Trainee: 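First the structure, then my questions, so here it is.
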Amino acid sequence: QGQIVTTTLPVYEFTQQLCSGTDIQVAQLITETVSCLHDYTLQVQQMQLLENAEVVILSGAGLDDFVKDTLADSIVTVDASENVALLCAESHHDHSHEHTHDDGDPHIWLSPVNAKIMTENIYAALCNAYPKHKAIFTENLNILRKQFDDLVTYGNEQLADIRHQEIITFHDGFAYLSDAFDLHILRAIEEESGSEASAQEIIELISIIDQHKIPAIFTEENGTASTANILNAEINIPVYILDMAMSERSYFDAMYHNINTLKEALQ
């Protein structure tokens with residue numbers, strides 16, 4: 001019986017599904033509702049969980065580097081982001097903090113194609129660590145591959161005939177989602193409570209919305225919506241909520257929610 005610790009919900013889900021039908025225990029390290037891990041601090045019980053792990057699976061791309069310093073050399077560490085092409089980490093306005101994640105945007109799982117690569121990386125590591133279960137891992141991988149392919153097909157079909165491809169988000173984590181479905185982020189505004197946009201920036205955003213005839217703006221499920229709500233009050237623009245797939249919803253539920261939300265907002 002193995003003990004695997006995964007950092008975030010997406011890698012937990014991919015690993016758990018790959019291990020389905022085996023006796024391997026899979027634990028999720030970060031279970032709180034979070035939209036960014038830039039200044040995350042591990043608790044004592046989380047450190048203990050890591051100490052007892054045989055394998056630790058990181059989301060990668062700099063997102064969960066804070067875990068690496070705590071790991072003993074004997075623990076197998078897997079970086080699920082290997083071979084994923086990273087987009088540059090850039091938010092057009094950052095009202096709260098600098099977190100460049102080594103200049104690569106770490107929210108890679110929001111592209112189904114990337115999520116598939118992450119799952120294949122986890123699969124390879126599992127086969128290496130627990131070779132006796134390889135047949136089960138392979139069977140589960142094939143099921144997951146189809147789920148990712150179906151998600152891409154659904155997204156392409158649903159978003160094929162939207163009239164607006166330009167979007168404004170109030171979180172800087174949706175670049176891979178928009179890239180996956182040929183959308184263009186005009187502005188990605190990262191804000192935290194108490195660090196809302198200035199009056200000048202709000203005027204600028206209103207101008208961009210007007211110029212590009214933007215039909216809706218997007219916030220993040222667990223993020224701050226202050227500036228979006230001001231814009232809604234000022235110019236009556238609808239506000240829609242996208243999901244980072246890091247908390248309540250399962251990965252696939254979150255992604256189908258995002259596709260349906262984008263379709264509704266942009267048609």
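We use all heavy atoms of the structure for the numbers below, so side chains are in, but hydrogens, waters and symmetry mates are not. Not measured: the values here are computed from a predicted model.
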Trainee: Yes or no on salt bridge (charged side-chain N to carboxylate O under 4.0 Å, His left out) for E204 and R187, after CA distance, side-chain angles and deciding distance?
Mentor: CA-CA 11 Å; E204 186 190 340; R187 289 289 157 99; 2.6 Å; yes
Trainee: Quick one: do the H184 and Q165 side chains pair a donor with an acceptor below 3.5 Å?
Mentor: no
Trainee: Tell me whether M118 is reachable from V76 by hopping between hydrophobic residues (I, L, V, M, F, W, Y) whose side-chain heavy atoms are closer than 4.5 Å.
Mentor: yes
Trainee: Can you check whether V239's main-chain N or O pairs, donor with acceptor, with N232's side chain at less than 3.5 Å?
Mentor: no
Trainee: Give me the ring orientation class for F14 and Y251: parallel if the planes are under 30° apart, tilted from 30 to 60°, perpendicular past 60°.
Mentor: perpendicular
Trainee: Check whether any side-chain N or O of Y40 sits under 3.5 Å from a backbone N or O of I30 as a donor-acceptor pair, and report yes or no.
Mentor: no
Trainee: So how far is it from T227 OG1 to L205 CG, rounded to the nearest 0.5 Å?
Mentor: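 Going from the OG1 atom of T227 to the CG atom of L205 covers 7.5 Å.
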Trainee: Between I241 and L177, is there shared hydrophobic-cluster membership here, with clusters defined by ILVMFWY side-chain heavy atoms closer than 4.5 Å?
Mentor: no
Trainee: Indicate if I122 and I136 have the same hydrophobic cluster label, given that clusters are the connected sets of ILVMFWY residues with side-chain heavy-atom separations under 4.5 angstrom.
Mentor: no
Trainee: Given 3.5 Å as the limit, does a donor-acceptor pair link the side chain of N114 with the main chain of I108, or not?
Mentor: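 Present.
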Trainee: Fit a plane to each ring of F252 and F148, take the angle between them on a 0 to 90° scale, and name the class: parallel (under 30°), tilted (30 to 60°) or perpendicular (over 60°).
Mentor: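 Rings of F252 and F148: tilted, as their planes differ by 30° to 60°.
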Trainee: Is I75 close to L50 at the side-chain level, that is, under 4.5 Å between some pair of heavy atoms?
Mentor: no
Trainee: Kindly indicate whether the side chain of I209, heavy atoms from C-beta on, has any atom under 4.5 Å from the side chain of L231.
Mentor: yes
Trainee: Would you call the rings of W109 and H107 parallel, tilted or perpendicular, taking 30° and 60° as the class edges?
Mentor: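 If you compare the ring of W109 with that of H107, the planes turn out perpendicular.
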Trainee: Report yes if some heavy atom in the side chain of F174 is under 4.5 Å from a heavy atom in the side chain of M244; otherwise report no.
Mentor: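 When only atoms from C-beta onward are counted, M244 and F174 do touch, with a gap below 4.5 Å.
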Trainee: Just checking, any donor-acceptor pair under 3.5 angstrom between side chains of S247 and N222?
Mentor: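 There is such a pair between these side chains.
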Trainee: Give, for atom OG1 of T138 and atom CG of L18, the distance between the pair rounded to the nearest 0.5 Å.
Mentor: 9.5 Å
Trainee: After noting the C-alpha distance and the side-chain angles of Y12 and T31, does the key distance pass the side-chain hydrogen bond (donor to acceptor under 3.5 Å, both in side chains) rule?
Mentor: CA-CA 10 Å; Y12 168 75; T31 55; over 6 Å; no
Trainee: Are the side chains of V55 and V5 in touch, meaning some heavy atoms are under 4.5 Å apart?
Mentor: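 No; the side chains remain at least 4.5 Å from each other.
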Trainee: Less than 4.5 Å apart, any side-chain heavy atom of L42 and any of L29?
Mentor: yes
Trainee: Measure the shortest side-chain to side-chain distance between R249 and E221 over non-hydrogen atoms and say whether it is less than 4.5 angstrom.
Mentor: yes
Trainee: Could you state the interatomic distance from CD1 (I162) to NZ (K263), rounded to the nearest 0.5 Å?
Mentor: 8.5 Å
Trainee: Look up atom NE2 in H257 and atom CE in M255, then write down how far apart they are to the nearest 0.5 Å.
Mentor: 11.0 Å
Trainee: For A225, does its backbone N or O pair with a side-chain atom of N229 as donor and acceptor, under 3.5 Å?
Mentor: yes
Trainee: Would you compute the distance between atom CD1 of I57 and atom CG of D79 and round it to the nearest 0.5 angstrom?
Mentor: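 Result: 11.0 Å between the selected atoms.
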Trainee: Within the distance-only criterion (no hydrogens, no angle test), does the side chain of D172 pair as donor or acceptor with the backbone N or O of A188 below 3.5 angstrom?
Mentor: no
Trainee: Please verify the inter-ring angle class for Y240 with F218; under 30° counts as parallel, over 60° as perpendicular, anything in between as tilted.
Mentor: tilted
Trainee: Could you tell me whether K68 and D65 have a side-chain N and a carboxylate O separated by less than 4.0 Å?
Mentor: yes
Trainee: Out of curiosity, I208 CD1 to E201 CD, how far, rounded to the nearest 0.5 Å?
Mentor: 10.0 Å
Trainee: Any donor-acceptor pair under 3.5 Å linking the side chain of S250 with the backbone of D253?
Mentor: yes
Trainee: Is there a side-chain contact between L266 and L159 in this structure, where contact means two heavy atoms from C-beta onward sitting under 4.5 Å apart?
Mentor: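 They are not in contact (no side-chain heavy atoms under 4.5 Å apart), so the answer is no.
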Trainee: Could you tell me if the side chain of Q16 sits less than 4.5 Å from the side chain of Q28, heavy atoms only?
Mentor: no
Trainee: Set out, in order, the CA-CA distance, both residues' side-chain angles and the distance that settles side-chain hydrogen bond (donor to acceptor under 3.5 Å, both in side chains) for Q158 and Y256, then state yes or no.
Mentor: CA-CA 10 Å; Q158 293 301 308; Y256 279 104; over 6 Å; no
Trainee: With a 4.0 Å cut-off, would you call R145 and D149 a salt bridge?
Mentor: no
Trainee: Take atom CD of E139 as the centre, draw a 6.0 Å sphere, and report whether it contains more than 12 heavy atoms from other residues, nucleotides or ligands.
Mentor: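 No, not enclosed.
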Trainee: Decide whether Y154 and V113 are clustered together by the hydrophobic rule: side chain heavy atoms of Ile, Leu, Val, Met, Phe, Trp, Tyr closer than 4.5 Å, transitively.
Mentor: no
Trainee: Group every Ile, Leu, Val, Met, Phe, Trp and Tyr by side-chain heavy-atom contacts under 4.5 Å, then state whether I189 and I203 land in the same group.
Mentor: no
Trainee: Taking the side chain from S178 and the backbone from A175, do they hold a donor-acceptor pair closer than 3.5 Å?
Mentor: yes
